Peer 1: 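Input: one structure, supplied below.
Read the numbers this way: they start at 1 and go in the same order the structure lists the ligands and their atoms. Not measured: the values here are computed from a predicted model.
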Amino acid sequence: MTELLPVAVLGARGRMGSEAVRAIGAAPDLDLVAALGSSDPLESLVSAGAAVVVDLTVPEATASNVRFLVDHGMHAVVGTTGWTADRLAELEAQLAGSPATGVLIAPNFALGSVLASAFAATAARYFESVEIIELHHPDKVDAPSGTAARTAQLIASARAAAGVPLAPDATRDELDGARGARVDGVPVHSVRLRGLTAHQEVLLGSPGEQLTIRHDSYDRASFMPGVLLGIRSVAGHPGLTVGLDGYLDLQTGGRS
Ligand SMILES: NC(=O)c1ccc[n+]([C@@H]2O[C@H](COP(=O)([O-])OP(=O)(O)OC[C@H]3O[C@@H](n4cnc5c(N)ncnc54)[C@H](O)[C@@H]3O)[C@@H](O)[C@H]2O)c1
Ligand SMILES: O=C(O)C1=N[C@H](C(=O)O)CCC1
């Protein structure tokens, strides 16, 4: 009989955590050994024998959770937002002392969203202007979304690598926030609206044309194939991986 992979969930009673508990419970190769909420001690992960831990908590808790996991040699699949460059650098330094441990920080587990961000980064160097609009449910605590921040970073680095600087516009006089937040120079606009789940548009414009790359998650079921892929793959990817694209072959081909 094949051994099941022992998996635990942090934030198990939240919107994403409860969906992940269901998906892991239904996966024939995974064994859900712990499902923790905010008042449960992390030490119980050790006694439960978790090999992979999924963190779907809150931005204030995720970095210290992951620090504990790496300290105890557990692989981490993290969907929680709030991973600043400083936090990522601290985590990388910690992982250097634990070279067999894998951590995936995935701002978005929906495969369509990962593809949309990759397409946007590919397109970004061919257009003069680029802006991001992200739209989410109003119970979301952070803005802009982790997905929008990651997309902006991918766009900015693709443009920098191609030697295409972000074009300034003529705005001189603006009400605070009217042109959005700047993430690596890319304007990001956040909408919070009852009825929405998770949505994003990347608008790309050049003289006489516009390309819109839009992704919609209508249901948190959309994130589960990516969560399961992360759980099954993380041990095979020691060190830090940011973005589920790190586990996918996103070669589009045809680019010289
Ligand atoms: N990567 C993705 O695809 C994806 C998709 C949706 C949401 N998210 C992110 O996941 C996070 C959770 O989103 P949500 O909508 O499920 O939020 P939520 O508020 O519904 O759930 C968070 C849960 O974490 C619990 N919690 C808080 N601190 C904890 C701790 N220290 N240990 C264990 N549990 C703790 C809370 O009690 C709550 O039940 C957010 O950062 C969100 O942006 C990511
Ligand atoms: O519902 C949320 O909260 C989401 N958070 C992630 C983000 O901030 O990008 C992913 C989409 C849903």
Side-chain angles (χ1 to χ4, degrees), residues 8-23 34-45 48 50 53-69 76-84 87 103-117 120 132-154 181 183 188-202 214-231 234 241-248:
V9 176
L10 298 178
R13 289 181 267 291
R15 286 177 289 267
M16 272 293 279
S18 52
E19 192 78 33
V21 163
R22 267 194 297 280
L36 273 52
S38 54
S39 48
D40 297 318
L42 290 175
E43 285 68 22
S44 59
L45 297 170
V53 179
V54 182
D55 183 301
L56 295 164
T57 61
V58 287
E60 311 87 83
T62 185
S64 63
N65 288 345
V66 175
R67 199 173 312 122
F68 176 93
L69 301 178
V77 173
V78 182
T80 313
T81 46
W83 284 88
T84 59
R87 284 179 174 186
V103 176
L104 169 66
I105 308 281
N108 202 307
F109 286 114
L111 300 181
S113 168
V114 174
L115 287 169
S117 296
I132 298 174
I133 306 174
E134 56 94 340
L135 311 92
H136 283 81
H137 60 90
D139 302 315
K140 183 167 178 54
V141 295
D142 55 318
S145 69
T147 307
R150 167 87 179 148
T151 310
Q153 287 155 3
L154 291 173
V183 180
V188 180
H189 310 269
S190 297
V191 176
R192 297 290 175 264
L193 210 64
R194 187 62 67 200
L196 295 178
T197 302
H199 316 261
Q200 178 169 290
E201 280 188 3
V202 180
R214 179 170 174 117
H215 176 261
D216 297 278
S217 274
Y218 298 111
D219 192 284
R220 288 180 183 82
S222 63
F223 303 117
M224 294 307 122
V227 171
L228 296 178
L229 174 68
I231 292 169
V234 65
T241 304
V242 178
L244 192 62
D245 41 309
Y247 290 4
L248 301 170

Peer 1: Can you tell me which residue and heavy atom of the protein come closest to atom 11 (C) of ligand 1, and the distance to 0.1 Å?
Peer 2: T57 O, 3.4 Å
Peer 1: For T81, is at least one N or O under 3.5 Å away from an N or O on ligand 1?
Peer 2: yes
Peer 1: Is there a protein heavy atom at a distance of less than 4.0 Å from atom 33 (C) of ligand 1?
Peer 2: yes
Peer 1: Using heavy atoms and a threshold below 4.0 Å, how should the contact between A12 and ligand 1 be classified: side chain, backbone, both, or neither?
Peer 2: neither
Peer 1: For a 4.5 angstrom cut-off between non-hydrogen side-chain atoms, does F68 reach L10?
Peer 2: no
Peer 1: Could you tell me whether a side-chain N or O of T62 sits under 3.5 Å from a main-chain N or O of P59, the two making a donor and an acceptor?
Peer 2: no
Peer 1: Run the numbers for me: atoms of ligand 1, each under 4.0 Å from some heavy atom of F109, listed by number.
Peer 2: 1 (N), 2 (C), 3 (O)
Peer 1: Is R15 close to ligand 1, meaning an N/O of one under 3.5 Å from an N/O of the other?
Peer 2: yes
Peer 1: So do the side chains of L193 and L135 get within less than 4.5 Å of each other, counting heavy atoms only?
Peer 2: no
Peer 1: Return yes if some donor-acceptor pair links the side-chain N/O of T80 with the main-chain N/O of T57 below 3.5 Å, else return no.
Peer 2: yes
Peer 1: Compute the minimum heavy-atom distance from G146 to ligand 1 and say whether it is under 4.0 Å.
Peer 2: no
Peer 1: Under 3.5 Å between any N/O of G17 and any N/O of ligand 1: does that happen in this structure?
Peer 2: no
Peer 1: Should the proximity of T147 to ligand 2, defined as any heavy atom under 4.0 Å, be assigned to the side chain, the backbone, both, or neither?
Peer 2: both
Peer 1: Apply the test side chain to side chain contact (heavy atoms under 4.5 Å, CB included) to residues L56 and F223: give CA-CA distance (whole Å), side-chain angles for both, the deciding distance (0.1 Å), then the verdict.
Peer 2: CA-CA 12 Å; L56 295 164; F223 303 117; over 6 Å; no
Peer 1: Give me the nearest non-hydrogen protein atom to atom 11 (C) of ligand 2 as residue plus atom name, then the distance to 0.1 Å.
Peer 2: H136 NE2, 3.5 Å
Peer 1: Short list, please: which atoms of ligand 2 are under 4.0 Å from a heavy atom of T81?
Peer 2: 7 (C), 8 (O)
Peer 1: For residues A35 and V21, report the shortest heavy-atom separation together with the two atoms involved.
Peer 2: CB-CG2, 4.3 Å
Peer 1: Please state which protein non-hydrogen atom is closest to atom 36 (C) of ligand 1 and give its distance, to 0.1 Å?
Peer 2: S38 CB, 4.7 Å
Peer 1: Roughly how far apart are Y247 OH and L104 CG, rounded to 0.5 Å?
Peer 2: 4.5 Å
Peer 1: Do S117 and R150 touch side chain to side chain, with heavy atoms closer than 4.5 Å?
Peer 2: no
Peer 1: Show the atoms of ligand 1 that are less than 4.0 angstrom away from any heavy atom in N108.
Peer 2: 1 (N), 2 (C), 3 (O)
Peer 1: Is the contact between P107 and ligand 1 made by the side chain, the backbone, both, or neither, using heavy atoms and a 4.0 Å cut-off?
Peer 2: backbone
Peer 1: In the protein, which heavy atom is nearest to atom 28 (N) of ligand 1, and how far is it?
Peer 2: V58 CG2, 3.6 Å
Peer 1: So which heavy atom in the protein is nearest atom 1 (O) of ligand 2, and how far is it from that ligand atom?
Peer 2: H137 NE2, 2.8 Å
Peer 1: For ligand 1, which atoms sit closer than 4.0 Å to a heavy atom of K140?
Peer 2: 43 (O)
Peer 1: Report yes or no: does R220 contribute a side-chain atom to a donor-acceptor pair with the main-chain N or O of S18 at less than 3.5 Å?
Peer 2: no
Peer 1: Looking only at heavy atoms, which two atoms of S145 and H136 are closest? And how far apart?
Peer 2: CB-CE1, 3.5 Å
Peer 1: Specify side chain, backbone, both or neither for R15, according to which of its non-hydrogen atoms lie closer than 4.0 Å to ligand 2.
Peer 2: neither
Peer 1: Which atoms of ligand 2 are found less than 4.0 Å from any heavy atom of S145?
Peer 2: 7 (C), 8 (O), 9 (O)
Peer 1: Find all atoms of ligand 1 within a distance of less than 4.0 Å from any non-hydrogen atom belonging to M16, and give their numbers and elements.
Peer 2: 4 (C), 5 (C), 6 (C), 7 (C), 16 (O)
Peer 1: Would you please say whether a donor-acceptor pair under 3.5 Å links the side chains of Q200 and T151?
Peer 2: yes
Peer 1: For atom 8 (O) of ligand 2, what is the nearest protein heavy atom, given as residue, atom name and distance?
Peer 2: K140 NZ, 2.6 Å
Peer 1: Can you name the atoms of ligand 2, numbered from 1 with element, that are less than 4.0 Å from a heavy atom of A198?
Peer 2: 11 (C), 12 (C)
Peer 1: Taking distance alone, with N or O pairs closer than 3.5 Å, would you say G79 contacts ligand 1?
Peer 2: yes
Peer 1: Who's the nearest protein heavy-atom neighbour of atom 10 (C) of ligand 2, and how far?
Peer 2: P107 O, 3.4 Å
Peer 1: Is E60 close enough to touch ligand 1? Criterion: a residue heavy atom under 4.0 Å from a ligand atom.
Peer 2: no
Peer 1: Take M16 and D55 through the test side chain to side chain contact (heavy atoms under 4.5 Å, CB included) and record every step on the way to the result.
Peer 2: CA-CA 10 Å; M16 272 293 279; D55 183 301; over 6 Å; no
Peer 1: I want to check something: taking the side chain as every heavy atom from C-beta on, are H199 and T147 in contact at a cut-off of under 4.5 Å?
Peer 2: no
Peer 1: Judged by atom type as modelled, is there a donor-acceptor pair below 3.5 Å linking the side chain of N108 to the main-chain atoms of A110?
Peer 2: yes
Peer 1: Below 3.5 Å, N or O to N or O, backbone or side chain included: is there any such pair between G146 and ligand 2?
Peer 2: yes
Peer 1: For R13, counting its heavy atoms only, list the atoms of ligand 1 lying under 4.0 Å from any of them.
Peer 2: 39 (O)
